[in-house]
Amino acid sequence: MHESVHPIQLPMRNGVSASVVSVPQGAPHLLDFLAQRMPGVSRQQWSDRLAQGLVLHEDGQAALPDQSCQPGQRLYYYRHLADEPVLPFQAQVLFEDAHLLVVDKPHFMPVTPSGHYVQQSLLVQLKRQTGCADLVPLHRIDRETAGLVLLGKRLQDRDAYHALFRDHQIHKTYHAVAAHAPQLKLPLLYASRLVPGEPFFRTQEVPGPANSETRIALLHTDGQRALYALEPISGKRHQLRVQMNALGIPIEGDPFYPTVLRGPDAPEDFGQPLQLLAKSLRFTDPITGYARAWTSGLHLTLSAP
């Protein structure tokens, strides 16, 4: 179940934009179709959502559970979790203009609705605060990672900003805390081939032509621990975490690498965040032509964990 771009503009509800699902040929009645298509939500929950008017037709009228489905019909619904946990952190807005919103995201907060979080996700909170239904993340960082997130405010700007990331025209620097490895000759450019791993939420290195690159530099040390600057040239899933682990210096607090300490849906341990921070962003704005640069106000520390 996920938010989708849709052709009509339905109002947000408590910061949540409507998601859309298309009806295929031969679908049963509406309630049966929703329960079969998206079993992550129980049949009773779909029934309750229909009764509350949270499933709509394209004309904005509430759908009824016993209505027949028509092939190609679009149904719109609002994501909701009855028992969503509350995160004890807040995102900090660093910059806003007519085009962009730049925020400092805390550890543990997903950028978009996922898993246990809808209202607590960064995007829904910011939509609720700003009233901007067209707000969209222009890139993603892991839920476990803290730091800068760039969001676009206008539909007509999205392609230009997305092209910056696709064409590697944005300079990004991360900070990470890991073991000090004096045997490594730093700085270095580390390249490897990354593919989906097992379980499904992990990434792994495999032999073959490199499809990911990261510049790695040592900032300073404190005994056996060190603070590193990581500059990803590519943007593969979990790239920094997997490559640091491959170098023998996994990032502190990582629940997935080198071994899975807890699954993505396990209870959070707020006392042991992943020591990875999206520290800075720099690029030339394709809409205004301005030189843009932001630095996170968050910090990692080398004090004893």
Just to verify, what does Ser212 make a side chain to side chain donor-acceptor pair (under 3.5 Å) with, not counting sequence neighbours? Gln243
Please tell me if the side chains of Asp285 and Leu100 come closer than 4.5 Å, counting only heavy atoms from C-beta onward. yes
Look at the aromatic rings of Tyr77 and Trp46 and report parallel, tilted or perpendicular, splitting at 30° and 60°. perpendicular
Report the distance from atom CG of Leu230 to atom NZ of Lys172, rounding to the nearest 0.5 Å. 12.0 Å
Distance-minimising heavy-atom pair for Leu31 and Ser47: CD1-N, 3.7 Å
Can Arg237 and Asp142 be counted as an ion pair, charged N to O under 4.0 angstrom? no
Would you mind reporting whether Leu148 and Asp104 have side-chain heavy atoms less than 4.5 Å apart? yes
For the residue pair Phe283 and Tyr161, does the interplanar ring angle fall in the parallel (under 30°), tilted (30 to 60°) or perpendicular (over 60°) class? perpendicular
Whether Arg282 side chain and Ala293 backbone form a donor-acceptor pair below 3.5 Å: no
Atom pair CZ (Arg292) and CD1 (Ile287), whose distance is rounded to the nearest 0.5 Å: 10.0 Å
Could you tell me whether the side chain of Thr130 and the main chain of Leu126 form a donor-acceptor pair under 3.5 Å? yes
For Glu213, does its backbone N or O pair with a side-chain atom of Gln239 as donor and acceptor, under 3.5 Å? yes
Is there a donor-acceptor contact under 3.5 Å linking the side chains of Lys236 and Thr203? no
Quick one: sort the His238 and Phe256 rings into parallel, tilted or perpendicular, breaks at 30° and 60°. tilted
Please list, chain by chain and in numerical order, all residues satisfying ring-ring contact (aromatic ring centres under 6.0 Å, His included) with His180, sequence neighbours excluded. none
Of all heavy-atom pairs linking Leu277 and Gly147, the shortest is CD1-CA, 3.6 Å
Heavy-atom distance under 4.5 Å between the side chains of Ile170 and His139, does that happen here? no
